[in-house]
Amino acid sequence: MLEWYDAHRRDLPWRSPPGETPDPYRVWVSEVMLQQTTVATVRPRFEAWVTRWPSVAALAAAGEAEVMAAWAGLGYYARARNLRAAAARIASDGFPRTEAGLRALPGFGAYTAAAVAAIAFGERAVVVDANVERVVSRLHAIETPLPQSRPAIRDAADALTPAARAGDFAQGMMDLGATICSPKRPRCLLCPVRPWCDAYASGEPDRYPLKAPKADRPQRHGTVFWLEHQGRVLLHRRPARGLLGGMRALPTGPWEAEPPGLAGAPAETPWRLLPDSVEHGFTHFRLTLALAAGEGTGHEAGEWWPIDDLAGAGLPTVFARAAEALRRGR
DNA sequence: CACTCGTGGAG
DNA sequence: TCTCCAAGAGT
């Protein structure tokens with residue numbers, strides 16, 4: 001694996017040249033951004049982030065609102081809040097250099113603690129992400145479906161992890177999973193571990209890993225309100241916890257199984273309902289948003305944001321799309 | 001353990 | 001068009 005990694009490793013902005021120790025801050029930021037997020041999406045966002053906040057100290061000194069806005073569009077917004085909270089602790093107490101020490105920081109789960117310990121600090125930590133799960137499941141042709149197979153996969157990954165260069169080993173496994181041992185149509189003929197792969201030998205490598213069936217996503221309906229006054233639109237701040245927590249948003253009523261109409265409107269005004277609606281898919285439900293536009297007094301509670309600068313508000317994608325439809329169709 | 005928590009791209 | 005999926009964490 002290390003030989004293959006040395007020859008085929010992807011060149012990524014958070015990686016240091018071979019043999020050089022990477023900046024722990026950059027490794028950490030990249031690992032958090034890459035949680036459930038593709039390399040193609042992360043690459044430009046990572047560059048922008050480390051340009052704006054080049055160090056732990058810089059991030060620790062940033063305001064919560066600007067950090068949340070900078071994360072807009074990336075999803076899973078608790079990551080941004082935890083990143084900033086952990087930066088404050090690291091700035092005052094120092095960067096933990098062990099897996100156990102990292103694991104105690106907000107936003108460092110089992111994967112991220114192991115990855116940062118191995119990649120940035122050279123610890124022999126067992127790094128298991130979705131790539132490793134897939135590669136190991138195929139190597140051993142594990143018939144138990146995920147997530148029940150996780151303990152066995154972790155044990156197998158432990159047995160494979162070398163004492164030295166555990167970080168390069170982990171990155172090699174992830175590069176292999178991303179470029180060759182892909183979920184669909186794996187390129188087994190290019191694979192360096194094909195001779196040891198039980199799934200390849202079975203003739204159906206893409207049957208692994210087996211997965212438990214997922215619950216179907218229910219449909220919900222809501223209404224988004226565009227309240228305008230003198231070139232500005234009313235924005236709210238979502239509660240710190242929960243869906244889109246801590247993010248700026250357009251005012252919106254409840255999201256329920258049936259369309260809620262004008263329930264939860266931020267003002268009593270003759271609302272105009274637009275003929276269009278906005279569809280959005282979340283992890284565990286689908287959402288259809290009706291669009292309502294009206295005139296405010298300028299005294300309604302919230303932030304009155306310049307319509308010409310809505311891009312600067314850092315709206316989550318669902319509200320950015322609703323805002324665009326409303327701005328166009330109001 | 002089961003559920004919540006976003007988004008964009010590949011197929 | 002629609003499903004699947006991605007360097008998971010928190011509760």
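Convention: sequence-line order gives letters A, B, ...; per-chain numbering from 1.
Within 4.0 Å (heavy atoms only), A:Ser30 reaches no atom of the nucleic acid at all. Contact annotation for A:Leu287: no contact, since no heavy-atom pair falls under 4.0 Å across all strands. Across all strands, A:Ala215 comes closer than 4.0 Å to no nucleic acid atom at all (heavy-atom distances). Within the 4.0 angstrom heavy-atom criterion, only backbone atoms of the sugar-phosphate kind lie near A:Gly73; the bases stay farther away.
Straight-line distance from the CZ atom of A:Arg241 to the C1' atom of C:dT11: 10 Å, rounded to whole Å. Atom P of nucleotide C:dA9 and atom CD of A:Gln36 are separated by 9 Å, given to the nearest angstrom. Separating the CZ atom of A:Phe108 from the C1' atom of C:dT11 is a distance of 19 Å, rounded to the nearest angstrom. If you measure from atom CD of A:Glu31 to atom C1' of C:dA9, you get 14 Å, rounded to the nearest angstrom. We find that CG of A:Asp216 is positioned 15 Å from P of C:dC2, with the value rounded to whole Å. Atom NE2 of A:His284 is separated from atom C1' of C:dT3 by 18 Å (rounded to the nearest Å).
Checking A:Arg150, A:Met173, A:Arg154 one by one against A:Glu133, the side-chain contact (heavy atoms from CB on, under 4.5 Å) holds for a single residue, A:Arg150.
Here C:dA7 is the nucleotide among C:dC4, C:dG10, C:dA7 with the atom lying nearest to any side-chain atom of A:Arg10.
Of the residues in residues 130-147 of chain A, A:Ala130, A:Asn131, A:Arg134 come within less than 4.0 Å of DNA chain C through at least one heavy atom, sorted by number.
Looking at heavy atoms from C-beta onward, A:Tyr76 lies out of side-chain contact with A:Trp71 at the 4.5 angstrom threshold.
Figure legend: A:Arg194 and A:Tyr200 shown as a cation-pi pair, the cationic atom lying under 6.0 angstrom from the six-membered ring centre and within 45 degrees of its axis. By the 6.0 Å and 45° rule, A:Arg238 stacks over the aromatic ring of A:Trp255.
Taking the centre of each ring, A:His280 and A:Phe282 come in below the 6.0 Å mark.
Here chain A contacts DNA chain B (any atom closer than 4.0 Å to a heavy atom, that is under 4.0 Å), and the contacts span B:dT4 to B:dG8 from 5' to 3'.
The two residues A:Tyr5 and A:Asp175 have their closest heavy-atom pair at CE1-OD2, 3.7 Å.
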